[in-house]
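Start at 1 with the first residue, then count along the sequence. Remember, it's a predicted structure, so these values are computed and weren't measured experimentally.
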Amino acid sequence: MTSSGSKKTSLLWLAALGVVFGDIGTSPLYALQTAVSLTGASRAIGIASLVIWSIILVVCVKYAWIMMKQDYQGQGGVFALFALLKESRKGKSIGFGMIALVAFGAALMLGDGTLTPTVSVLSAVGGVVTIEPKLAEYVPGVSILILIILFAVQRFGTGMIGAVFGPVMLLWFAVIAVMGGYQIFLHPAVLQAFNPVEGFTLLHSWGWKGLAVIGAVALAVTGTEALYADLSHFGRAPILRAWFLVALPALLINYLGQAAYLQAYPASASNSALFFLLCPDSLKVPLVIIATAATVIASQALISAVFTLCRQAKSLDLLPPFMSKHTNDRMKEQIYIPSANFVLGFVCVLLVAIFRTSDSLANAYGVAVTGAMAVTSVLWGAVMFTRPTVPRWKTAITVVLLLALDLTLFVSCSTKFLAGGYIPLCFASVMMVLMFTWHRGWKLIRESMQGGVTSAELGGVLAMESGPRIAGTRVYVTRENTPESSIFSIREFQRTTGSIAEEVVILMIPSNWSDSHRVIGEPTLTRHEGGLWEISVPHGYMVDADVPASLMAASQASNGEFTFDPDNTFYIFPKPFLPLEGAGMPSWQRHIFAFLVRNVVLPDTLKIPPRKLIIYFDYIEA
């Protein structure tokens, strides 16, 4: 390896620090204060103990030690676990219940995406109140402005600012460690918080009301999914190095420092800007600036994750193929989805306008992410149960313990449902409806196409046609790995137009689960009678398909039998369309499916020249 390559590899931990730990790294802005506002400053050490051990159990044990050992081709996250499960079943179908679980986990993460930017930016900008209380009325307006700018620049991608993410977060972690360390030096008794008995004593004294306390403490572990989801970006070793050497020590020191500060100034427990009180007045302006930069980074990482999640959901037929754009020619994972960006930005701005302060919005935080954590545990268990080398009793015990931890956090956060916890769940519910509608609609379409003619039989029919043929090639594009839908479309298009091209191509571009980042897989070609070609070119599920490049690869693989002339090729992309009334799917759901089908944008997704693309609707009785 060259010295340049070694240097880049050695600095991966710094890049991971900026991208992976932005969310959990900015939790000290609001997490501990939200909890002590319920219990009072006298319980600060007990709260700190709960925060410390929650971080240790959730981040260090569950994700760093257990989850991150299971990856699919270097990928992590809910969809990677689903890919592992699918692979382990060796071609057997996955039950609808498991698909529903994956959709639920993804929808919860999307719901969490509406809150992370909002809470983080509000918390950071709210620090100006400690400088001048009169500025409080400007916090919502400034926060909205920052959010608008943040979402407006998404089209340019994170490449331009990605280089500074790591150093800024390194500075952030250093600052919060110094702030907390000074308070610990003044009040060393706070180190008792490392004793878990302190936390248990607090919960025992509060009884069932302790659930509300745990719900607030859960804010300290939001963003932990990033450790697993961003596994492919940096690898396990750099992420763990950044966590154990920088992020974890800084977070623990700062949380202890806040608890120590409350020992001397108990009245500050109700101050939503508790974090900023640890800083001398002369340095609060620079701190607010650094905190704002850190929260923007945390928000950016979450927004990018939402874009990636939408694209992965598309590969599972859980969401339509919304128009997406790559924003970095060296990192295919960095994409921009305008429609998702607009919806996410609109919801974030709306939440700021409604709630106005971070402490009131904090009640809505945590429900979605803890629910997603529980889904991850279930999927992990399903994968491990398929491993013959792993004793089932060990897997069962581990899953029970993981779910006990996850569901405790989830139920605790659910106590805040009426105070704002309904927001991410409502957003997730909407996403679930869209996912199930799209998945159900496509299932009905596939079922209606079963039992038709084969490709070979279609070729025989085309060969017997006596009418004149139009010069050129018509390519019928499908994302399926079987030709049934294209066969149906060819016959329907022929019946409607009364014409046949000299050469007809069925191009299948299914997702390739074995090589997620490979744009063009190995082409498979079958020649039939009547000028009909059946071509399959898989593409990685993490990238968008390139139809012209796929045809060029097929031409090269055919040794001259199949020729691809871009100037004389037209692409037919049929949109199967369900009637608005029928059995198997409610009318209201059919209307939603029709709306989604009509509004799917294709040319940019498939790299097809717009002037060469013909889109038409196939009305299918189903």
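Counting heavy atoms of neighbouring residues, nucleotides and ligands inside a 6.0 Å radius, atom CZ of F342 does not exceed 12 of them.
The two residues L409 and V221 have their closest heavy-atom pair at CD1-CG2, 4.5 Å. Here the closest non-hydrogen pair linking A220 and I55 is O-CG1, 4.2 Å. The shortest heavy-atom contact between T376 and L81 is O-CD1, 3.6 Å.
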Let me check something: any side-chain donor-acceptor pairs from residues 392-405 under 3.5 Å, sequence neighbours excluded? List them with distances.
from: R392; atom 1: NH2; to: F385; atom 2: O; distance (Å): 3.3
from: T398; atom 1: OG1; to: K394; atom 2: O; distance (Å): 2.8

Identify each donor-acceptor pair in which a side-chain atom of residues 102-110 lies under 3.5 Å from a protein atom, sequence neighbours left out, and give them as a table.
none

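Here the two rings, on W172 and F275, have centers that are under 6.0 Å apart.
In this structure, SG in C413 is found 10.0 Å from CG in L211, a value given to the nearest 0.5 Å. Atom-to-atom distance recorded for F194:CZ and L256:CG is 5.0 Å, nearest 0.5 angstrom. For the atom pair CD1 of I176 and CD1 of I290, the computed distance is 11.0 Å after rounding to the nearest 0.5 Å.
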Item to check | Derivation and outcome, side chain to side chain contact (heavy atoms under 4.5 Å, CB included), residues D406 and T370 | outcome: CA-CA 6 Å; D406 295 334; T370 52; over 6 Å; no
Next on the checklist: Quick one, N341 with F307, criterion side chain to side chain contact (heavy atoms under 4.5 Å, CB included). Give me CA distance, side-chain angles, the key distance, then yes/no.
Outcome noted: CA-CA 8 Å; N341 186 67; F307 293 160; 3.6 Å; yes
